[in-house]
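Remember, predicted model here, so these are calculated numbers, not experimental data. Below, read A as the first sequence line, B as the second, and so on, with proteins coming before strands; counting in each chain starts at 1.
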2 protein chains.
Amino acid sequence: MQDASPPKKPYHHGSLKEALVAAGIEILDARGLEALSLRAIAAHVGVSHTAPKNHFGSLKGLLTAIAAEGFARHRAFMLDGAQGGDAKARQYAAMQGYIRFAQVHPHLFRLMFSPALCAMDDPDLMAAARASYGVLASIAKGLDWDKSGAADADRRAELMLWSLVHGYAMLSLSGSAQGTGAVLSISDIMPDFGYLPKDHRAP
Amino acid sequence: MQDASPPKKPYHHGSLKEALVAAGIEILDARGLEALSLRAIAAHVGVSHTAPKNHFGSLKGLLTAIAAEGFARHRAFMLDGAQGGDAKARQYAAMQGYIRFAQVHPHLFRLMFSPALCAMDDPDLMAAARASYGVLASIAKGLDWDKSGAADADRRAELMLWSLVHGYAMLSLSGSAQGTGAVLSISDIMPDFGYLPKDHRAP
DNA sequence: GCAAAATATTTACACTGGAAACATGCAAGA
DNA sequence: TCTTGCATGTTTCCAGTGTAAATATTTTGC
């Protein structure tokens, strides 16, 4: 009787593919993008620096897989804390989750939007990114922006919301916005949410 | 009788410092970030690959200078086409200029907001970035956002506008937003400007 | 003119990602 | 059981990178 998990069980290491992605995220969080070399990731797992090639083809392939996993966690951040709340609470949780993720995983967040490092046309990455985008898009409807009644009003409202939140997150990481390093709040850029409770968790 | 220009006139090359920055931007526009190596820039100017060290200290120093020049051009893009117009035309020109710059110099634009590549605390870079930000901030007042009357309403309106425009520009470069490659318009994310004339110039 | 400083080159080194040849371990078929 | 085939990793090598140190060359100040 075999395990019910997916049939692909690597031979030697056990599950090198996932281990490499996990190691990449650990290094990214601990030491930043500069330290994220193919050799460093491989050494962290305990294999030679050419082992990843079998699974990912090249460094870009590995970074793409890391970014895809990043989008999955990104989505989880947005969904976290929104279960069982009303519409407004869900809106707030999603937007604040977007920003909180960028603060907790700044280097991973940048990697996820760097076409020079990731293959943006990778199917897995696109699927993960779209799933993450879907969370934000679903709450855009309830914001009641763009009351023009135009045919593409929904799509435009999504793009507005995404641009606003993404821009705020990016600027805060670039160090151009502020130097305090304080916890960012969506209410800084959305007056409508100014009355909502402060962050319910530490950074 | 000497020239009235600033006293610092380099000795051998004539003006290596500026030539290196210009070469860097050329390579960036023509071949992207991956091709922007210290050796490539030096070869483009015709000096050894260690020559830049005398002027910039390290690659990071050179990239920082390139980013500073980028902010200067960025500011020029926002001011371009806004001379003599009314307030609304100036608002439109600035925002559209912000986005158009990101489209014309995508790699330079990314570099300007990459703390891993530039020294964001460099005085020259900070001054150039602040000057560029000032253009956007000056038009934020006229947009009449955040009518809450709060003490920091102005600063918040600036941050909102900046986040919105910057996020839109960044997302369009990441390839996550759309695949058409069409000319971006600020009216895509600002319904208020939907009635304004289309771009008055080709991309 | 001469010493000192600024500017640029040469050389060397540690590091990177990738390619090729080789070794190892698992699966299935005779 | 033995053997063939394939997926998985390692070893070795290579071109390329940024940086440091020693050296050469030119310009400036006196």
After noting the C-alpha distance and the side-chain angles of A/Phe113 and B/Met170, does the key distance pass the side chain to side chain contact (heavy atoms under 4.5 Å, CB included) rule? CA-CA 9 Å; A/Phe113 295 95; B/Met170 269 294 183; over 6 Å; no

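- With B/Ser163 as the partner, the side chain to side chain contact (heavy atoms under 4.5 Å, CB included) test is satisfied by one option alone out of A/Asp188, A/Leu164, A/Val165: A/Leu164.
- Atom-to-atom, CZ of B/Phe56 to P of C/dA6 comes out at 17 Å; the value is rounded to the nearest Å.
- Straight-line distance from the NZ atom of B/Lys17 to the P atom of C/dA6: 13 Å, rounded to whole Å.
- Distance, A/Leu16 CG to D/dT10 P: 8 Å, rounded to whole Å.
- Considering only heavy atoms from C-beta on, B/Trp162 comes within 4.5 Å of B/Tyr98 through its side chain.
- Remark: A/Leu117 pairs with A/Leu33, A/Leu63, A/Leu111, A/Ser114 by the side-chain contact (heavy atoms from CB on, under 4.5 Å) rule, at least two apart or across chains.
- Remark: B/Ser48 pairs with B/Thr50 by the side-chain hydrogen bond (donor to acceptor under 3.5 Å, both in side chains) rule, at least two apart or across chains.
- By the ring pair (Phe, Tyr, Trp, His ring centres under 6.0 Å) test, B/Phe56 is found to be paired with no residue, residues two or more places apart in sequence or in another chain being considered.
- A heavy-atom distance below 4.0 Å to DNA chain C is reached by none of the residues of residues 24-32 of chain A.
- Partners of A/Ser132 according to the side-chain hydrogen bond (donor to acceptor under 3.5 Å, both in side chains) rule, which considers only residues two or more places apart in sequence or in another chain, are A/His74.
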Where along nucleotides 9-19 of chain C does protein come under 4.0 Å, by heavy atom, of base (B) or sugar-phosphate alone (S), with - for untouched nucleotides? BBB----BBBB

Given A/Phe109 and A/His166, is the side chain to side chain contact (heavy atoms under 4.5 Å, CB included) satisfied, shown in steps? CA-CA 10 Å; A/Phe109 182 74; A/His166 185 77; 3.7 Å; yes

